Amino acid sequence: MNFQPTFENRQIAIEKALFFESLTSKLIKHMMGLELLGSTKSLDNKSSSISLRAKIDLLVDCGKIDKLTYANLLHIISIRNQFAHNFECNNFEDLPKFIDGIDKPLLKYSPDLSASVEESLKKGFLNMADQAFKFLLNEFGGVTKEYQIDTEKLKIRITEEEEKLLDQYGIEGARNRALVLNKVRQLLKEDENEELNSKINDEIIKFKSKNPDLH
């Protein structure tokens, strides 16, 4: 028995599914107006998070995924499940034993049918995943651009006094510290506000309550 292909195939299937887990979460967050890297109970890696299938179904219900991409994403989930949970599924050519008719959609995406069955099915899987990725990227092209712009805005210089303030409230992580500090700086512009210190305190506490994974 050759264990090397087994490891590689499982890794390929699981990594592709993990990518779609992350991407669909960000797309739903963007659609709902949530911070892409903000903490949520349903869209992050927690026991309360919804499944990849549920995320895909939600995007379909919102008219954001077409029938072809939806079918391909469901195939990817099924293939991931076999490699992740079925000890008897070692290679791509084993998949038809456990998923009826899966060879047909995989071979549809395989450019070289003269190759071995294993290589044809593997290439078909990779191309199928690529199709789904390109569709989602095109459908939500603005997400990446918007996120990059937001990230650039967060590249700020933090003074020693500001560092102490952030440390005092236990704000960790460069992105979190920048988000909080930008809000604090906005409040500091209100020099004539006697309740300024109270507002800063409230804002930091509010941010921490909405983002429980800060530390």
Side-chain angles (χ1 to χ4, degrees), residues 8-38 40-86 88-148 150:
E8 291 178 353
N9 291 332
R10 294 187 196 282
Q11 182 180 33
I12 289 171
I14 292 172
E15 282 186 348
K16 291 297 182 183
L18 284 174
F19 173 80
F20 287 113
E21 285 273 9
S22 177
L23 180 58
T24 52
S25 288
K26 287 184 173 62
L27 298 182
I28 293 172
K29 286 180 179 180
H30 177 72
M31 191 170 60
M32 297 176 67
L34 300 174
E35 166 61 38
L36 293 185
L37 292 183
T40 64
K41 291 184 178 298
S42 61
L43 297 171
D44 296 296
N45 300 314
K46 301 176 182 178
S47 58
S48 58
S49 297
I50 62 176
S51 66
L52 175 56
R53 172 62 186 267
K55 295 174 190 175
I56 293 170
D57 285 346
L58 177 59
L59 290 170
V60 169
D61 288 341
C62 293
K64 299 300 183 181
I65 295 181
D66 66 3
K67 291 183 178 180
L68 174 62
T69 304
Y70 179 65
N72 287 343
L73 286 170
L74 294 188
H75 289 321
I76 291 169
I77 291 175
S78 295
I79 292 168
R80 182 275 309 272
N81 289 344
Q82 288 300 320
F83 278 119
H85 304 295
N86 186 352
E88 300 300 322
C89 185
N90 296 314
N91 298 295
F92 282 88
E93 59 186 343
D94 293 328
L95 290 171
K97 302 175 187 176
F98 307 106
I99 308 174
D100 291 337
I102 192 62
D103 51 326
K104 292 181 180 178
L106 289 180
L107 291 176
K108 176 184 175 182
Y109 282 94
S110 183
D112 184 12
L113 297 181
S114 65
S116 67
V117 174
E118 174 66 15
E119 286 302 313
S120 294
L121 292 174
K122 180 185 293 186
K123 179 61 69 173
F125 173 77
L126 293 173
N127 287 338
M128 176 183 287
D130 188 53
Q131 179 278 327
F133 167 72
K134 287 179 178 178
F135 177 86
L136 293 175
L137 193 64
N138 181 66
E139 181 69 20
F140 294 90
V143 176
T144 302
K145 184 177 181 180
E146 180 177 313
Y147 178 67
Q148 289 174 341
D150 184 47

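This one's a predicted model, so the numbers in the text were calculated from it and none came from an experiment.
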What's the shortest heavy-atom distance between [X] and [Y], and which atoms?
| X | Y | answer |
| --- | --- | --- |
| P105 | G101 | CD-O, 3.0 Å |
| I14 | A84 | CD1-CB, 4.1 Å |
| F125 | I12 | CE2-CG2, 3.9 Å |
| A129 | K16 | CB-CD, 4.1 Å |

(message) I'd like to check the side-chain contact (heavy atoms from CB on, under 4.5 Å) partners of I28; sequence neighbours left out, ordered by chain and number.
(response) M32, L43, K55, L58, L59
Atom pair [atom1] ([X]) and [atom2] ([Y]), whose distance is rounded to the nearest 0.5 Å:
| X | Y | atom1 | atom2 | answer |
| --- | --- | --- | --- | --- |
| L18 | L23 | CG | CG | 12.5 Å |
| E118 | N90 | CD | CG | 9.5 Å |
| Q131 | K108 | CD | NZ | 9.0 Å |
| L106 | N72 | CG | CG | 9.0 Å |

Donor-acceptor under 3.5 Å ([X] side chain, [Y] main chain):
| X | Y | result |
| --- | --- | --- |
| S120 | S110 | no |
| N91 | N9 | no |
| N127 | Y109 | yes |

In residues 73-83, what donor-acceptor pairs under 3.5 Å come from side-chain atoms, sequence neighbours left out?
from : atom 1 : to  : atom 2 : distance (Å)
S78  : OG     : L74 : O      : 3.2
N81  : ND2    : I77 : O      : 3.4
Q82  : OE1    : N86 : ND2    : 2.8

(message) Go through it in stages, so that I can follow the logic: the residues are L136 and I65, the test is side chain to side chain contact (heavy atoms under 4.5 Å, CB included), and I'd like the CA-CA distance, side-chain angles, deciding distance and then a yes or no.
(response) CA-CA 8 Å; L136 293 175; I65 295 181; 4.0 Å; yes
(request) Could you note down all residue pairs passing salt bridge (charged side-chain N to carboxylate O under 4.0 Å, His left out) where residues 92-102 supplies at least one of them, sequence neighbours left out? (result) D94-K97
(request) Would you check, one step at a time, whether the test side chain to side chain contact (heavy atoms under 4.5 Å, CB included) holds for L95 with D103? (result) CA-CA 8 Å; L95 290 171; D103 51 326; over 6 Å; no
(request) Taking atom types as modelled, find out whether K29 and S25 have a side-chain donor-acceptor pair closer than 3.5 angstrom. (result) no
